[in-house]
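The structure's right below; bear with me while I get my questions together.
Note: hydrogens, waters and symmetry copies are ignored here, and every other heavy atom, side chains too, is used.
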Amino acid sequence: LAATLLAALAAFSATVSNHAVRTSLTGNPGTSISVNATVSSVATVPAVGGKLARSLSAALGGVPVAVWGAASSDYLDFPHGTGLPNAQTHLVSLTSLNAHAALVAGSWPTVVSGAAAVPAAVPAGLARSLHLTAGQTLRLHESVTGAPVDVRITGIFRPLRPGSPYWLLNSATGGVQQSGGFADYGPLVTTPAVMAARHVAVVAAAWVAGPDVARIGSGNLQAVSGRLQSAVDKVGHLGGLQNQAVSTGLPALLSGLATALVVARSQLAIGAAILLVIAGATLALATVM
């Protein structure tokens with residue numbers, strides 16, 4: 001009976017530990033890993049994204065990691081009278097936008113031979129704020145040089161899953177942030193192909209990594225946390241990035257879970273030890289009698 005109970009207790013501990021780890025991580029925004037850096041080419045984004053996915057997956061023991069990237073232009077000034085005073089925006093390139101958003105009006109931006117304006121889609125919230133419509137062309141100006149940049153609004157979209165890490169890329173769900181006397185409106189979204197074809201100047205990039213936390217088990221979490229932190233610290237070496245900033249709470253989450261599991265397993269071990277003592281005493285008593 002004691003042997004059966006101990007075996008059941010061990011199996012229960014392993015199953016519950018794995019379930020507890022995955023439940024704690026699933027849906028936790030701290031599990032995503034955000035990277036921002038200064039770059040000069042849209043081609044840098046997929047190259048660094050692939051290296052980042054491989055590095056993080058290796059640190060997590062082979063757990064798949066999805067990485068999304070975005071290149072960003074410098075700030076662009078809206079015409080006077082559009083939105084709040086000193087209204088600005090910027091162009092960002094997103095891959096697989098149609099897999100993460102649904103069109104409300106118009107069409108997705110694509111490369112059109114001979115077109116003078118840069119095609120871009122806008123979030124529905126931004127379209128409402130600035131009274132933008134599909135098919136409209138805006139003449140913006142680069143904030144630094146004053147050079148004109150024509151942008152044609154091809155479509156208006158809404159996120160399918162606003163809580164997805166994908167939308168952490170340059171806050172691409174719209175809205176406005178005011179700082180230093182300027183009003184920064186959520187970006188105009190285009191594609192990497194459009195940015196490359198239109199020679200849009202790129203000044204920054206962002207990446208968001210989302211590990212498949214359902215594949216993370218309870219084994220050796222402290223070591224996994226250490227390897228992940230080391231990989232995060234070396235992000236700048238992946239592609240010669242400059243001024244990189246990395247934000248994530250995953251190493252701390254894994255370390256905290258490792259400590260909690262040690263405490264929980266200690267409690268179970270105490271129960272198992274008591275059971276062994278009772279079984280030993282019972283066996284000794286039976287032998288004497």
- Just by distance, do the side chain of Thr191 and the backbone of Val194 share a donor-acceptor pair under 3.5 Å?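 Side chain of Thr191 to backbone of Val194: a pair is present.
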- Output yes when a side-chain donor or acceptor of Ser72 lies under 3.5 Å from a complementary backbone atom of Ala204, and no otherwise.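 Not at all, since once roles are kept as given, no pair shorter than 3.5 Å links the two residues.
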- Query: Rounded to the nearest 0.5 Å, how far apart are CG of Leu126 and CD1 of Ile156?
  - Reply: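 Interatomic distance, Leu126 CG to Ile156 CD1, rounded to 0.5 Å: 9.0 Å.
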- How many angstroms lie between atom OG of Ser55 and atom CG of Leu228, to the nearest 0.5 angstrom?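 Between atom OG of Ser55 and atom CG of Leu228 there are 8.5 Å.
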- Task: List the steps, then state whether side chain to side chain contact (heavy atoms under 4.5 Å, CB included) holds for Leu76 with Leu91.
- Result: CA-CA 8 Å; Leu76 304 171; Leu91 281 161; 4.1 Å; yes
- Step-by-step side chain to side chain contact (heavy atoms under 4.5 Å, CB included) determination, Tyr166 to Leu94: CA-CA 9 Å; Tyr166 180 86; Leu94 293 179; 3.4 Å; yes
- Task: Find out if a path of hydrophobic residues (ILVMFWY) with successive side-chain heavy-atom gaps under 4.5 Å connects Phe182 to Phe78.
- Result: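 In one cluster with Phe182: Phe78, no.
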- Are Val200 and Val111 connected, step by step, through hydrophobic side chains (Ile, Leu, Val, Met, Phe, Trp, Tyr) whose heavy atoms are closer than 4.5 Å?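 Yes, it is one cluster - the side chains of Val200 and Val111 are joined through contacts under 4.5 Å.
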- Honestly curious: do Tyr75 and Val176 fall in one hydrophobic cluster under the side-chain, below-4.5 Å linking rule?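 No, Tyr75 does not connect to Val176 through the hydrophobic network.
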- Message: Pair Asp184, His90 - check side chain to side chain contact (heavy atoms under 4.5 Å, CB included), show working.
- Response: CA-CA 9 Å; Asp184 179 19; His90 53 278; 4.0 Å; yes
- Do any N or O atoms from the side chain of Thr89 and from the backbone of Tyr185 form a donor-acceptor pair under 3.5 angstrom?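 A pair under 3.5 Å: yes.
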- Message: Under the side chain to side chain contact (heavy atoms under 4.5 Å, CB included) test against Leu241, which residue among Val48, Thr38, Asn36 passes?
- Response: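 The side chain to side chain contact (heavy atoms under 4.5 Å, CB included) with Leu241 is passed solely by Val48 among Val48, Thr38, Asn36.
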- Message: Is there a side-chain contact between Thr133 and Ile153 in this structure, where contact means two heavy atoms from C-beta onward sitting under 4.5 Å apart?
- Response: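 Thr133 does not reach Ile153 side chain to side chain.
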- same_hphob_cluster(Leu253, Val63) at 4.5 Å side-chain heavy-atom cutoff: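 Yes, one cluster joins them.
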- Message: Donor-acceptor pair, distance only, cut-off 3.5 Å: does the side chain of Ser129 make one with the backbone of Gly125?
- Response: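 Yes, because the side chain of Ser129 sits within donor-acceptor range (under 3.5 Å) of the backbone of Gly125.
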- Message: Test your reading of the model: is there a side-chain donor-acceptor pair from Thr190 to the backbone of Ala120, 3.5 Å cut-off?
- Response: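 No, because the side chain of Thr190 does not come within donor-acceptor range (under 3.5 Å) of the backbone of Ala120.
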- Query: Just by modelled atom types, is the Ser32 backbone N or O under 3.5 Å from a matching donor or acceptor in the Thr248 side chain?
  - Reply: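 Yes: the side chain of Thr248 pairs with the backbone of Ser32.
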- Roughly how far, to the nearest 0.5 Å, is the CG atom of Leu169 from the OG1 atom of Thr95?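 Separation between the atoms: 8.0 Å.
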- Message: Using the rule that Ile, Leu, Val, Met, Phe, Trp and Tyr join whenever any side-chain heavy atoms are under 4.5 Å apart, tell me whether Trp108 and Val112 fall into a single cluster.
- Response: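 Shared cluster, no.
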- Asn86 (side chain) donor-acceptor with Gly181 (main chain) under 3.5 angstrom: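 The answer is yes, because a donor-acceptor pair under 3.5 Å joins these two groups.
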- Message: So does Ser34 get a backbone contact from the side chain of Ser247, meaning a donor-acceptor N/O pair under 3.5 Å?
- Response: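 Absent.
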- Task: Give the intermediate values and the outcome of side chain to side chain contact (heavy atoms under 4.5 Å, CB included) for residues Lys234 and Ser230.
- Result: CA-CA 6 Å; Lys234 296 176 181 177; Ser230 178; 3.7 Å; yes
- Item | Interatomic distance, Leu250 atom CG to Ser255 atom OG [nearest 0.5 angstrom] |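 The OG atom of Ser255 is 11.0 Å from CG of Leu250, to the nearest 0.5 Å.
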- Task: Name all residues meeting the side-chain hydrogen bond (donor to acceptor under 3.5 Å, both in side chains) criterion together with Asp77; count only those two or more places apart in sequence or in a different chain, and write none if there are none.
- Result: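 Scan of Asp77 (side-chain hydrogen bond (donor to acceptor under 3.5 Å, both in side chains), adjacent residues dropped) gives Gln88, Ser143.
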